[in-house]
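For reference, the structure discussed in these notes is given below.
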Amino acid sequence: MRVRVATTALGITAALLAVPACSTNAAGTKPDTAPSAHTGKPADAAQQAAPLTSATLETRLLDQSDLGSDYLRKPERPTQNDDVTVIGCPALSELGGDAATGGTLTFPHKAKASFTYGGSSSEVSEELYSDSVEKLSGGIDRIFDAMTGCPTYQVVAGGTPIDMASQKLPAPHDLGDEQWSQLLTFSTGGRSTVVKQTAIRDGSLLLIVSGSPALVDRHLDKALAKATATS
């Protein structure tokens with residue numbers, strides 16, 4: 001069954017359309033095969049803070065001064081209009097409609113920054129979103145469950161077929177109110193790219209860090225600390 005997908009809040013489309021020419025598998029990284037859905041505390045009234053504006057979120061992104069001189073910020077990619085089709089993933093298909101096209105994750109308040117590391121193909125990106133607790137939690141939960149519900153499937157992006165493999169990873173329980181993590185492998189033209197994605201919801205703010213597994217692990221805590229700072 002085919003589902004037409006325009007984009008997702010996880011930035012998957014951008015990654016699909018920019019699979020590097022060489023593998024970015026992190027040396028020594030062994031994915032944990034233990035099943036791990038999101039964990040965390042249920043939302044309560046105390047967490048119902050007003051959503052932050054996009055301008056405020058922009059100031060809370062990591063920048064080169066936070067990461068170090070080995071990191072170079074990438075210019076924002078222009079909006080992609082390429083059709084993206086998912087093949088062989090009923091979990092994504094069952095979302096249907098707006099959810100399948102990322103509609104439930106197109107939050108009105110958002111900011112994003114992406115960086116390359118050390119002149120290599122290794123990258124790390126940070127996305128911040130703000131909305132009501134219910135919308136953030138429900139939207140990100142549905143898309144992570146759908147994507148990790150299909151161990152293998154295929155994506156056709158801009159006419160290029162890409163074989164996908166997804167795997168749940170243990171979520172960092174001690175961060176934020178809810179947590180999700182997964183490992184994605186993109187394979188095309190005999191080359192593979194491994195991308196780790198970890199999402200943390202803290203009140204009315206959602207942080208997603210994606211990229212080379214080692215870089216995601218290295219900067220996740222720092223990204224959350226800056227994103228949730230109140231001063």
Side-chain angles (χ1 to χ4, degrees), residues 7-32 52-80 107 109-130 140 157 162 169-176 179-189 191-203 205-231:
T7 185
T8 75
L10 301 179
I12 292 298
T13 302
L16 292 174
L17 300 177
V19 176
C22 59
S23 171
T24 58
N25 291 315
T29 300
K30 294 183 178 180
D32 191 322
L52 300 172
T53 66
S54 296
T56 298
L57 293 176
E58 190 73 34
T59 67
R60 299 190 181 194
L61 290 168
L62 293 177
D63 56 31
Q64 195 168 6
S65 65
D66 299 310
L67 297 173
S69 59
D70 287 336
Y71 292 83
L72 180 64
R73 184 161 181 171
K74 296 178 61 179
E76 290 298 315
R77 294 173 57 89
T79 301
Q80 294 284 346
F107 302 114
H109 310 290
K110 54 193 172 185
K112 180 179 180 179
S114 299
F115 299 86
T116 57
Y117 173 67
S120 69
S121 59
S122 295
E123 298 182 9
V124 63
S125 68
E126 178 187 7
E127 297 168 74
L128 292 177
Y129 299 91
S130 190
I140 195 67
I162 301 168
L169 294 178
H173 311 242
D174 55 337
L175 299 180
Q179 313 85 15
W180 302 258
S181 192
Q182 65 177 337
L183 197 71
L184 299 170
T185 302
F186 306 82
S187 301
T188 186
R191 301 181 178 90
S192 295
T193 299
V194 173
V195 173
K196 183 174 183 178
Q197 292 186 321
T198 298
I200 306 291
R201 185 190 63 78
D202 191 286
L205 184 142
L206 176 67
L207 163 72
I208 302 171
V209 181
S210 308
S212 301
L215 297 185
V216 172
D217 293 342
R218 184 182 304 171
H219 298 298
L220 182 64
D221 288 23
K222 185 185 299 182
L224 183 63
K226 185 171 183 178
T228 56
T230 56
S231 60

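Residue numbers count from 1 along this sequence. Hydrogens, waters and symmetry mates play no part in the numbers below; they use all other heavy atoms, side chains included.
- For the atom pair CG of D174 and CG of D221, the computed distance is 7.0 Å after rounding to the nearest 0.5 Å.
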Could you give me the CA-CA distance, side-chain angles and deciding distance for W180 and Q197, then say whether side-chain contact (heavy atoms from CB on, under 4.5 Å) is met?
-> CA-CA 8 Å; W180 302 258; Q197 292 186 321; over 6 Å; no

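- Not counting sequence neighbours, the partners of D63 by the salt bridge (charged side-chain N to carboxylate O under 4.0 Å, His left out) test are K226.
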Decide yes or no on side-chain contact (heavy atoms from CB on, under 4.5 Å) for L52 and L205, but give the supporting numbers first.
-> CA-CA 8 Å; L52 300 172; L205 184 142; 3.7 Å; yes

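- Every residue two or more places apart in sequence or in another chain that forms a side chain to side chain donor-acceptor pair (under 3.5 Å) with H219 is listed here: Y71.
- Separating the NE2 atom in H109 from the CG atom in L128 is a distance of 13.0 Å, to the nearest 0.5 Å.
- The OG atom of S210 sits 10.0 Å away from atom CD of E126, with the distance rounded to the nearest 0.5 Å.
- Legend: residues meeting side chain to side chain donor-acceptor pair (under 3.5 Å) with D217, ordered by chain and number and at least two apart, are K196.
- Across every non-hydrogen atom of T228 and L224, the tightest pair is OG1-O, 2.7 Å.
- In this structure, I200 CD1 and L175 CG are separated by 5.0 Å, a value rounded to the nearest 0.5 Å.
- Not a single donor-acceptor pair under 3.5 Å links the side chain of S125 to the backbone N or O of A113.
- Atom-to-atom distance recorded for S120:OG and L215:CG is 7.5 Å, nearest 0.5 angstrom.
- The side chain to side chain contact (heavy atoms under 4.5 Å, CB included) test with Y129 is passed by exactly one of I208, I140, L57: I208.
- Summarising the geometry, atom CD belonging to Q179 is positioned 11.5 Å from atom CG belonging to L207; distances are rounded to the nearest 0.5 Å.
- When side chains are defined from C-beta on, Y117 does not count as touching V124, because their heavy atoms never get closer than 4.5 Å.
- You'll find the side chain of F107 reaches within 4.5 Å of the side chain of L206, heavy atoms only.
- Side-chain contact between T116 and E123 is present, with heavy atoms from C-beta onward closer than 4.5 Å.
- The two residues A111 and S54 make their nearest non-hydrogen contact at CB-O, 4.3 Å.
- Among all heavy-atom pairs drawn from S181 and P170, the shortest one is CB-O, 3.9 Å.
- With hydrogens and angles ignored, the 3.5 Å screen pairs a side-chain donor or acceptor of R201 with a backbone N or O of G203.
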